[in-house]
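Just so you know, these numbers come straight off a predicted model, no measurement behind them. Keep in mind that the numbers below use all heavy atoms, side chains included, and drop hydrogens, waters and symmetry copies.
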Amino acid sequence: MKPLRLIFTAVFMFVFSFSFAQEQDDCQSIMMIKKNFIERNLVLSDGERHAFWDLYNPYLKEESEIFEASRALLQKNNIDRRKGRIDHTKLSDKQLYIIMEDRIQTKEQLLRLEKKLYEQLKKVLSPKTLYQFYQIEGRFKADIKEEAKGACTHEKR
């Protein structure tokens with residue numbers, strides 16, 4: 001497992017060495033890395049493979065759109081996220097409420113999206129394969145959370 005983690009670290013160091021002005025591109029890079037990670041680790045039959053990706057690709061696109069909307073809202077309200085951090089001491093009460101409400105709204109949107117994906121996937125995957133998918137997705141999040149820190153609006157959510 002350590003060689004795999006080293007590979008991810010190297011990939012992320014390269015991907016995130018670009019400026020934070022390219023946040024949207026970095027978010028899309030994370031989505032591509034996530035997709036590739038799942039593709040390499042999820043064992044699917046030929047029939048499952050086509051059905052899975054027909055559902056998962058639009059899910060990734062919607063997930064990315066949710067994160068982009070959150071980033072755009074913060075930017076519109078002059079909330080600076082340097083290196084994924086917000087200096088709350090420099091923000092107005094209104095800006096702080098915007099951040100907190102956006103966080104809740106984003107979590108709700110992501111939960112609805114995940115629930116929708118689950119309902120779709122359980123129609124095309126066996127329970128064991130579906131469980132394996134969620135384990136792989138969880139492993140991806142755990143393995144790269146530190147490496148992805150600051151690259152994308154949602155890294156703390």
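In this structure, Tyr134 places its OH atom where more than 12 heavy-atom neighbours from other residues, nucleotides or ligands lie under 6.0 Å away.
Phe37 has its side chain out of reach of Glu137: every pair of non-hydrogen atoms, C-beta onward, lies at least 4.5 Å apart. Side chains of Glu65 and Lys61 form a contact here, defined as non-hydrogen atoms less than 4.5 Å apart.
Val43 and Ile38 are members of different hydrophobic clusters when ILVMFWY side chains are connected at heavy-atom separations under 4.5 Å. Transitive grouping of hydrophobic side chains (ILVMFWY, heavy atoms separated by less than 4.5 Å) brings Met100 and Ile79 into a common cluster.
Under the 3.5 Å distance criterion, the side-chain polar atoms of Asp102 are left unmatched by any main-chain donor or acceptor of Ile98.
Donor-acceptor pairing under 3.5 Å is lacking for the side chains of Lys94 and Asn77.
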Show every donor-acceptor pair shorter than 3.5 Å between a side-chain atom in residues 112-126 and any protein atom, with sequence neighbours excluded, or say none if there are none.
unit_1	atom_1	unit_2	atom_2	d
Lys116	NZ	Glu62	OE2	3.3
Glu119	OE1	Lys122	NZ	3.4
Ser126	OG	Thr129	N	3.1
Ser126	OG	Thr129	OG1	2.9

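Under the 30°/60° scheme for interplanar angles, the aromatic rings of Tyr56 and Phe133 are found to stand perpendicular.
Of the candidates Glu101, Glu108, Lys107, Ile104 forms a side chain to side chain contact (heavy atoms under 4.5 Å, CB included) with just one, namely Glu108. Of the candidates Gln132, Arg49, His50, Arg49 is the only one forming a side chain to side chain contact (heavy atoms under 4.5 Å, CB included) with Leu44.
From Leu96, atom CG reaches atom CG of Leu91 across 5.0 Å, with rounding to the nearest 0.5 Å. Considering CG of Asp143 and CD1 of Ile136, their distance stands at 11.5 Å, rounded to 0.5 Å. One finds the CG atom of Leu60 at 9.0 Å from the CE atom of Met32 (value rounded to the nearest 0.5 Å). Taking CZ from Phe52 and CG from Leu130, the interatomic distance works out to 9.0 Å, rounded to the nearest 0.5 Å.
Salt-bridge check for Lys34 with Glu63: passed, with a basic side-chain N closer than 4.0 Å to an acidic carboxylate O.
Shown here are the side-chain hydrogen bond (donor to acceptor under 3.5 Å, both in side chains) partners of Gln75, two or more places apart in sequence or in another chain: Arg71.
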